[in-house]
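Have a look at the structure below, then the notes.
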Amino acid sequence: MACAQPKAVMFELSCAICLEQFKEPKVLPCLHTYCKECLVKLVKRKGPDHIITCPECRHDVIVS
C-alpha cells in the first residue's frame, strides 16, 4: 500500500484563502472547501446579497 506524501496531505487539508489548516471547514456547492471564517469575510466584501464567488472556480455561490 502506498503512503501519501505529508506535504501533499497537508495541502489537501489547507484553506486556499488563508493557507492554513482548515478551521470549521465548509464545502461550497462547487465542492471547494474553505474555513468558515474565510467565507464570512468574503460575504462581507460582497455586500448584503450573501453571494460570493468561489476563489478557485469563479462560480457564484449563495450562502446563508
Side-chain angles (χ1 to χ4, degrees):
M1 184 173 181
C3 252
Q5 295 290 335
K7 287 183 182 180
V9 171
M10 288 307 295
F11 177 77
E12 293 295 323
L13 298 175
S14 299
C15 174
I17 297 173
C18 67
L19 303 176
E20 295 182 14
Q21 195 170 21
F22 288 120
K23 298 173 194 99
E24 291 188 70
K26 300 294 177 187
V27 180
L28 298 179
C30 59
L31 302 179
H32 290 113
T33 307
Y34 303 99
C35 298
K36 179 180 177 182
E37 183 179 326
C38 292
L39 291 175
V40 168
K41 290 177 184 177
L42 285 179
V43 170
K44 288 181 181 177
R45 288 188 207 150
K46 291 288 186 179
D49 294 334
H50 295 95
I51 297 174
I52 63 168
T53 302
C54 175
E56 291 186 56
C57 67
R58 304 292 184 224
H59 281 92
D60 286 334
V61 178
I62 298 172
V63 293
S64 56

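Taken to the nearest 0.5 Å, the CG atom of Leu42 stands 12.5 Å off from the NE2 atom of His50. Taking CG of Leu28 as the reference point, atom CG of Asp60 lies at 11.5 Å (rounded to 0.5 Å). In this structure, CD1 in Ile17 is found 9.5 Å from NZ in Lys41, a value given to the nearest 0.5 Å.
Residues Leu39 and Val61 have side chains not in contact (no heavy-atom distance under 4.5 Å, counting atoms from C-beta outward). Within the 4.5 Å cutoff, the side chain of Ser14 has no heavy atoms near those of the Leu19 side chain. With a 4.5 Å cut-off on side-chain heavy atoms, Cys18 and Cys35 count as touching.
The side chain to side chain contact (heavy atoms under 4.5 Å, CB included) search around His32 returns Cys30, Tyr34, Cys54, Glu56, Cys57, not counting sequence neighbours. Listed by chain and residue number, Glu20 satisfy the side chain to side chain donor-acceptor pair (under 3.5 Å) test with Lys23 (two or more places apart in sequence, or in another chain).
The hydrophobic cluster of Phe22 has no other members, since no ILVMFWY side-chain heavy atom comes under 4.5 Å of it.
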